[in-house]
Structure formats: C-alpha cells, structure tokens
Amino acid sequence: MTTTRARFGKRRRGLAAALGIVLSGCSFTSVQRPPRTVEDPRVADPCTTSVQAPIADTVLAGAALVGAYVALVVSMVDRVNTCSGQTGSCSTHVDVAPALALVGAGALFGSSAIYGFVGTHQCKRRTSLAGRCAYGDAGACRLLKPGWVPPPGLFPAPSAVPPGAAPPASS
C-alpha cells in the first residue's frame, strides 16, 4: 500500500515531467534558420536574428542543472534524517530520479540553446552578405551562391581610377 506522501511525490514528478516536455526548447520552436540553398543572393531570406530564445534556453538549462544538484542534496539529507536515531539496518537508498529528470531537462534546454545560437549566427551572416550583395559586392554574392554570375548591367564596370582620385587629364 502506498502512502499519501509517495502518491503526492509521484504526481509532482509527473507534473514536472509534463511541464518540462511542454516548455522544452524555446529555440527549437521559435528560431527559423535560413534555407540551405540560395536562389538570388541579393535577396535576404526570412530567418531569426534575435538571440532572445537561445538566452532563455541557456537560463533554463542552468536553472535545471542547479535544481538537479539541490534535488540530489535534499534526497541525501532526507535519507540521513530518516536513518538517524534508528538502530539496526537502515535503507541506504537515495532517490536520484528527480535529479536525473532535471539533468535531462537541462540537457534538452542546453541543446536547444546551442541550436538557437547557431541558427541566429547563420541568419546574421546570411543577412549581412545578402545586404552587401544587394549593394554591389559581387564577392559577397559569390560567397552566398558559388558560381553566381550577375545579370548584365547589374553592377557598374570596374574603373581603373581609384575612388576619390582625379581622372587622368585628356590632351
């Protein structure tokens, strides 16, 4: 027969697991990475540049790992308090399930944070190169799409005169 405390503990662990699954990984759900292929390098693709979701995931991963440490310490202290004053054998079992669940949640949030930081970095790079390409940097266009050839008349012809220098005098 289970005690009320044991049933309450199981419900609490179940609720914590359900909340962990529902709230898992802001970056997995909200960070949009740029597409792998580029049709026109002059056009920026829609993607996420904000790092708010990866930062939230990082904070939650840290909180979960601290919570795992606290849960393990509490379980060990509870075992010592239960066994103190008893003569004979005492159970040396430490309940590590809550700590392991929190470590799993920390790993999930941590991997989501990594996914988010990598995705937003790729988006910022792609957006920067697309902007440079749109303003005439053919090298940036080729970085986005190797072998890309601009349509005729898109970029001005290269000049032998450096910018800011006076053109040669004609005779």
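No experiment lies behind these values; they were computed from the predicted model shown.
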Under the side chain to side chain contact (heavy atoms under 4.5 Å, CB included) test, which residues partner Arg125, sequence neighbours left out? Leu129
Distance check, rounded to the nearest 0.5 Å: Gln122 atom CD versus Arg36 atom CZ? 8.0 Å
Minimal non-hydrogen separation, Gln32 against Pro46, with atom names: NE2-O, 3.5 Å
Taking atom CD1 of Ile55 and atom SG of Cys26, what is their separation to the nearest 0.5 Å? 12.0 Å
I would like to know whether Thr48 and Ser30 meet side chain to side chain contact (heavy atoms under 4.5 Å, CB included); could you show each step before the answer? CA-CA 8 Å; Thr48 306; Ser30 66; over 6 Å; no
Shortest non-hydrogen contact between Ala68 and Val103, atoms and distance: CB-CG2, 3.6 Å
Cluster check Met76, Val96: I/L/V/M/F/W/Y, side chain < 4.5 angstrom: yes
For Arg126, all residues meeting side chain to side chain contact (heavy atoms under 4.5 Å, CB included), sequence neighbours excluded: Pro34, Pro35, Val38, Asp45, Leu144
Minimal non-hydrogen separation, Gly116 against Val31, with atom names: CA-CG2, 4.0 Å
For residues 60-76, the salt bridge (Lys or Arg N to Asp or Glu O under 4.0 Å) pairs (sequence neighbours left out) are none
Testing the basics here: between Thr127 and Cys47, what is the closest heavy-atom pair and its distance to 0.1 Å? OG1-SG, 4.2 Å
Test of understanding: with ring-ring contact (aromatic ring centres under 6.0 Å, His included), list the residues that count as partners of Tyr115, not counting sequence neighbours. Phe28
Transitive ILVMFWY cluster of Ile114 at side-chain heavy atoms under 4.5 Å: who else is in it? Val118
d(Cys133 SG, Arg42 CZ) to nearest 0.5 Å is 7.0 Å
Using modelled atom types only, decide if a donor and an acceptor are shared between the side chain of Ser112 and the backbone of Ser27 within a distance under 3.5 Å. yes
Any residue meeting side chain to side chain contact (heavy atoms under 4.5 Å, CB included) with Ser128, in chain and number order, not counting sequence neighbours: Arg132
Taking all atoms of both residues into account, what is the closest heavy-atom pair of Ser111 and Leu108, and its distance? OG-O, 2.9 Å
Quick one: list whatever passes side chain to side chain contact (heavy atoms under 4.5 Å, CB included) with Val73, sequence neighbours left out. Tyr69, Val77
